[in-house]
Q: 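One structure, as structure tokens, below. Some questions next.
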Amino acid sequence: MTQLRSDDDDTAYATGPTGTTGADDTTDATSTTNPTGTTSTTSTTSQTGITGPTSATDPTHTPGATGPPRTATPENALLAAARQGDSAAFEALVKVHRRELYAHCYRMLGSVQDAEDALQESLLGAWRGLSGFEGRSSLRAWLYRICTNACLRLAAHRPRRMLSPDHGPPRRNTADLGEPVTGPVWLEPWPDEGPAPEPEDQPAGAGDPEARWLRRESVELAFVAALQHLPGTQRAVLILREVLQFSAAETARILDTTPASVNSALQRARRTVAPLTPKTTQRAELEALGEDGRRELVDAFMTAWERADVSALLRLLTEDARFGMPPLPAWFDGREDVVRFFTERVFATPWRLMPLRANGQPGFACYLREPGSPAYRIGAINVLTVRSGRIAEITGFLDPELHRRLGLPPEHPAPARRER
């Protein structure tokens, strides 16, 4: 999905600890004790300008650390106040990082709910362990250390998240969709819209269009689904290195391991993920369509669905189109079977669609009208995967609890425009 960088070292893979106390500021701050250990004195900067754990000349270092006094900055002032127990100062300190940390937890866990839980645990741990942050790493790297380890602990006690093709073979019988598979097993969609920091609060480079595209590309459904095939530490390494652009040394400090182990884990992760992701990202596919092309595709799909227009739907789908609908185990493979499912099951009910975006991809909140009711009630979130101007996959999410968590209105907000 993202541009893969080469590494010289592909030595034997070793997993670093995921919940133990590490060196200095990279301590997992879910503990309230002050961190101990040695300090790296090598300065490294990632490709996006992120400065990782360096020497005591980091601008967030505190009295008692070696090196000259630092010039006062807003972050230092907030950090000093937060260390004195000012919760508002702590909230202001982490505000700029909250959304990207949330996205990081989502990539690691494949679930919006699990990501929220991991983020809350991490921020509570950071608040309790703030006295142990001595400024020898960037605050951002320290927070990523805490979040990554929280995700690894949570993932160790959860089955991996998956999409319908990972669960079992496709079906052809549209009358038997199977019983819902419950439990924390399905990948969840990531809402594109969400709280974002004010421009003046963003990290360096965060407002750059390329940086925004990279973050959107790294939550595409196929990429996040592929990540779930990796062991936890390999997953963390791939995200930290390829998505967040931390260096091998920075990643090693975050995970309490060695750069050699990081490089080896990265090579293994790349080999696993490559065949599971399309050669062309959704970012590239949507850019190739252009703004007008994207709008026309979305409108055509919405119109075909609402009008139950089978011929129009056929023209919009690729020959190998797929349609899955977790938590139901059934999914359909190939345009013929997908259209038959629409004809025999989906189009038996009137629908209204509301466009949205999820995982950097076009999608819809789909509302159906039950017999005898004038209202259209939420029935699914559908995320589209596009290839060469057509729809290659429809991933439907049917869980009502997921709809509530994402804040979708329970009824379609507008009166019916088309009746069949």
Side-chain angles (χ1 to χ4, degrees), residues 1 110 160-181 185-190 219-229 273-286 288-289 294 297-298 300-302 304-305 308-347 351 353 356-366 379-399 402:
M1 298 293 293
R160 73 176 178 88
R161 299 277 178 164
M162 59 185 171
L163 292 175
S164 298
D166 296 320
H167 182 267
R171 301 193 181 196
R172 302 208 67 192
N173 182 5
T174 64
D176 179 18
L177 304 182
E179 292 298 317
V181 179
V185 298
W186 298 108
L187 194 72
E188 296 176 355
W190 168 261
V219 293
E220 290 179 6
L221 271 179
F223 181 63
V224 177
L227 288 173
Q228 309 312 304
H229 287 261
V273 166
L276 299 175
T277 53
K279 294 180 179 179
T280 305
T281 66
Q282 286 300 286
R283 165 190 173 177
E285 294 282 3
L286 295 171
L289 274 175
R294 293 192 295 270
L297 180 65
V298 166
F301 182 79
M302 187 168 73
W305 187 314
D309 189 336
V310 175
S311 297
L313 185 66
L314 270 169
R315 292 193 295 271
L316 294 172
L317 299 177
T318 62
E319 185 68 31
D320 58 349
R322 303 194 298 187
F323 190 175
M325 59 206 85
L328 293 176
W331 64 284
F332 297 92
D333 189 19
R335 182 167 58 192
E336 179 182 343
D337 284 355
V338 170
V339 170
R340 185 158 48 82
F341 173 67
F342 268 98
T343 303
E344 297 177 2
R345 295 296 299 268
V346 178
F347 289 161
W351 292 84
L353 273 60
L356 54 76
R357 290 190 62 85
N359 297 83
Q361 300 171 220
F364 301 90
C366 300
I381 299 170
N382 283 324
V383 180
L384 306 184
T385 298
V386 178
R387 187 173 72 240
S388 301
R390 292 187 176 185
I391 296 165
E393 188 161 2
I394 306 166
T395 306
F397 299 93
L398 309 185
D399 185 359
L402 179 62

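What you see is a predicted model; the values in this text were computed from it and never measured. Numbers for residues simply follow the sequence, beginning at 1. The analysis underlying the following values was restricted to heavy atoms, covering all of them including side chains, and did not include hydrogens, waters or symmetry mates.
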Q: Is the closest side-chain heavy-atom distance between Phe332 and Thr174 below 4.5 Å?
A: yes
Q: Show the nearest heavy-atom pair for residues Ala222 and Thr277, with the distance to one decimal.
A: O-CG2, 3.9 Å
Q: Could you check whether any side-chain heavy atom of His229 comes within less than 4.5 Å of a side-chain heavy atom of Leu276, counting everything from C-beta outward?
A: yes
Q: Without swapping roles, check the side chain of Arg171 against the backbone of Pro329 for a donor-acceptor pair under 3.5 Å.
A: no
Q: Taking CD in Glu336 as the centre, count heavy atoms belonging to other residues, nucleotides or ligands within less than 6.0 Å. Is the count above 12?
A: no
Q: Calculate, to the nearest 0.5 Å, the distance between atoms CD1 and CG belonging to Ile394 and Leu313 respectively.
A: 6.5 Å
Q: Rounded to the nearest 0.5 Å, what's the gap from CG on Leu286 to OG1 on Thr280? Could you check?
A: 11.5 Å
Q: Grab the two heavy atoms, one from Leu353 and one from Cys366, that are nearest each other, plus how far apart they are.
A: CG-SG, 3.9 Å
Q: Does the side chain of Val298 come within less than 4.5 Å of Phe364's, by heavy atoms?
A: yes
Q: Check for a donor-acceptor pair, side chain of Glu220 on one end and backbone N or O of Arg283 on the other, with a separation under 3.5 Å.
A: yes
Q: Show the numbers, then the answer: is there a side chain to side chain contact (heavy atoms under 4.5 Å, CB included) between Val339 and Phe347?
A: CA-CA 10 Å; Val339 170; Phe347 289 161; over 6 Å; no
Q: Can you find a heavy atom in the side chain of Pro189 that is under 4.5 Å from one in the side chain of Leu402?
A: yes
Q: Side chains of Asp399 and Pro326: closer than 4.5 Å at any heavy-atom pair?
A: no
Q: Under a 3.5 Å distance rule, please check whether Trp190 uses its side chain to pair with a backbone N or O of Val224 as donor and acceptor.
A: no
Q: Do Glu285 side-chain atoms and Ser388 backbone N/O form a donor-acceptor pair below 3.5 Å?
A: yes
Q: Answer yes or no: is there a side-chain heavy-atom contact under 4.5 Å between Arg315 and Arg390?
A: no
Q: Ignoring hydrogens and geometry, is there a side-chain-to-backbone donor-acceptor pair from Arg335 to Leu317 under 3.5 Å?
A: yes
Q: Can you classify the ring geometry of Phe342 versus Trp305 as parallel (below 30°), tilted (30 to 60°) or perpendicular (above 60°)?
A: perpendicular
Q: Could you report the tightest heavy-atom contact between Asp176 and Ala330, atom names first, then the distance?
A: O-CB, 4.4 Å
Q: Using side chain to side chain contact (heavy atoms under 4.5 Å, CB included), reason through Trp186 and Asp166 one step at a time and then give a plain yes or no.
A: CA-CA 10 Å; Trp186 298 108; Asp166 296 320; over 6 Å; no
Q: Between Leu289 and Gly389, what is the shortest heavy-atom contact and its length?
A: CD2-CA, 3.7 Å
Q: Output side-chain donor-acceptor pairs under 3.5 Å for residues 380-387, partner residues at least two apart or in another chain, one line each.
A:
unit_1: Thr385; atom_1: OG1; unit_2: Gln361; atom_2: NE2; d: 3.3
unit_1: Arg387; atom_1: NH2; unit_2: Asp320; atom_2: OD1; d: 2.5
unit_1: Arg387; atom_1: NH2; unit_2: Asp320; atom_2: OD2; d: 3.0

Q: Identify the two heavy atoms, one from Leu356 and one from Ala365, that lie closest to each other, and give their separation to 0.1 Å.
A: CD2-N, 3.5 Å
Q: Taking it one step at a time, do Phe341 and Phe323 satisfy side chain to side chain contact (heavy atoms under 4.5 Å, CB included)?
A: CA-CA 9 Å; Phe341 173 67; Phe323 190 175; 3.7 Å; yes
Q: Could you walk me through whether Phe223 and Leu221 pass the side chain to side chain contact (heavy atoms under 4.5 Å, CB included) test, one step at a time?
A: CA-CA 5 Å; Phe223 181 63; Leu221 271 179; over 6 Å; no
Q: When rounded to the nearest 0.5 angstrom, what is the spacing between CE in Met162 and CG in Leu187?
A: 10.5 Å
Q: What I want to find out is whether Glu188 reaches Arg161 closely enough, with some N-O distance under 4.0 Å, to be called a salt bridge.
A: yes
Q: Taking the side chain as every heavy atom from C-beta outward, state whether Pro362 and Arg294 have any atom pair closer than 4.5 Å.
A: no
